[in-house]
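Whatever order the structure lists them in is the order used to number ligands and atoms, beginning at 1.
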Amino acid sequence: MKAGFYQFNPSFGNKEKNIGAVTSAITNVHMDLLVLPEFFATGYQFVHRDEVAKLAETVPDGYTTKALSELSRKKNIYIVAGLPELYEDKFYNSAILTGPEGFIGTYRKTHLFFEENLYFAPGDTGFKVWDTEIGHIGIMICFDWLFPEAMRTLALSGADIVAHPSNLVLPFCPDAMPVRCLENRVFAITANRTGIENRKKGAALKFIGKSEIVSPNGEILVRATEDQETLVIREIDLRAARDKTLNPFNDLFKDRRTEHYKIV
Ligand code: ACM
């Protein structure tokens with residue numbers, strides 16, 4: 001199947017423009033799975049709770065979920081994308097999965113990064129894997145990568161591929177993802193953004209780009225540059241993620257010695 005990411009520089013607060021940019025980028029391009037950045041339609045650096053309130057949406061009946069569900073239906077593709085979600089009286093840093101049948105599901109970011117803690121509630125969905133026509137798709141969001149338990153949980157839950165909407169500012173993730181993929185023998189697509197948001201005096205955020213697709217062997221199949229706005233699609237075979245053996249003696253999941261994984 002063909003899977004990839006769209007790395008770009010969203011305009012803060014301009015959902016129509018950002019969703020329009022995604023729609024134009026994929027016109028006339030065939031793919032089965034597209035991963036978009038965290039908060040791809042709103043931008044990232046909120047400076048007041050009122051801003052979050054203005055831009056957050058309910059799922060699945062909010063503007064962005066409806067637009068992506070429609071795009072998924074029209075193009076017959078699966079899309080994973082990040083958005084600020086309003087649920088009851090809380091905001092979540094969420095990612096949705098849409099597909100040819102429309103809206104499929106939501107994941108709420110478990111590990112909040114930095115000032116996200118001012119506005120968002122820690123996710124309460126746990127790590128989820130969806131069994132789709134193209135394979136088992138798990139989702140984690142940005143900073144979740146730094147907690148190995150996140151990807152491990154997704155892999156043990158059967159994920160073939162981890163869709164990873166991101167707004168990375170620290171430099172470490174792109175070089176760490178190959179290890180995450182190798183130890184779990186899954187594919188991952190990190191969809192990061194480019195650009196700078198300077199909405200808070202003295203606290204500019206520079207996003208590092210370097211979106212990538214990584215194989216279960218820990219090979220970086222493709223990596224974007226730091227500042228390129230680019231749609232990248234690669235052919236991948238998800239069956240490679242279902243074989244956890246390294247050699248006739250070692251199976252990375254069966255060899256786990258969980259009785260020793262306790263703090264003493
Ligand atoms: C991040 O979690 N957006 C770094």
Problem - Ring-ring centroid check F39 F120, cutoff 6.0 Å - result: yes

Exercise for the section: May I ask whether N167 places a heavy atom under 4.0 Å from ligand 1? Expected result: yes

Problem - Min heavy-atom dist Y44 to ligand 1 below 4.0 Å - result: yes

Problem - Contact check: F113 vs ligand 1, nitrogen or oxygen atoms, below 3.5 angstrom - result: no

Practice task
Mark yes when over 12 heavy atoms from residues, nucleotides or ligands other than E16 sit less than 6.0 Å from its CD; otherwise mark no.
Solution key: no

Which residue supplies the protein heavy atom nearest to [atom], what is that atom called, and how far is it?
| atom | value |
| --- | --- |
| atom 2 (O) of ligand 1 | K109 NZ, 2.7 Å |
| atom 1 (C) of ligand 1 | C142 SG, 2.9 Å |
| atom 3 (N) of ligand 1 | E38 OE1, 2.9 Å |

Practice task
Give a yes-or-no answer on whether the side chains of D243 and T245 include a donor-acceptor pair shorter than 3.5 Å.
Solution key: yes

Practice task
Could you tell me whether E116 and K109 make a salt bridge, using a distance below 4.0 angstrom between a side-chain N and a carboxylate O?
Solution key: yes

Fill in the blank from the handout: salt bridge (charged side-chain N to carboxylate O under 4.0 Å, His left out) test vs D160 passes for just one of K244, R239, R242, namely R242

Fill in the blank from the handout: Counting from 1 in the order shown, the ligand 1 atoms closer than 4.0 Å to a non-hydrogen atom of E116 are 1 (C), 2 (O), 3 (N)

Handout entry: Side chain proximity check, F187 to V162, heavy atoms < 4.5 angstrom
Key = no

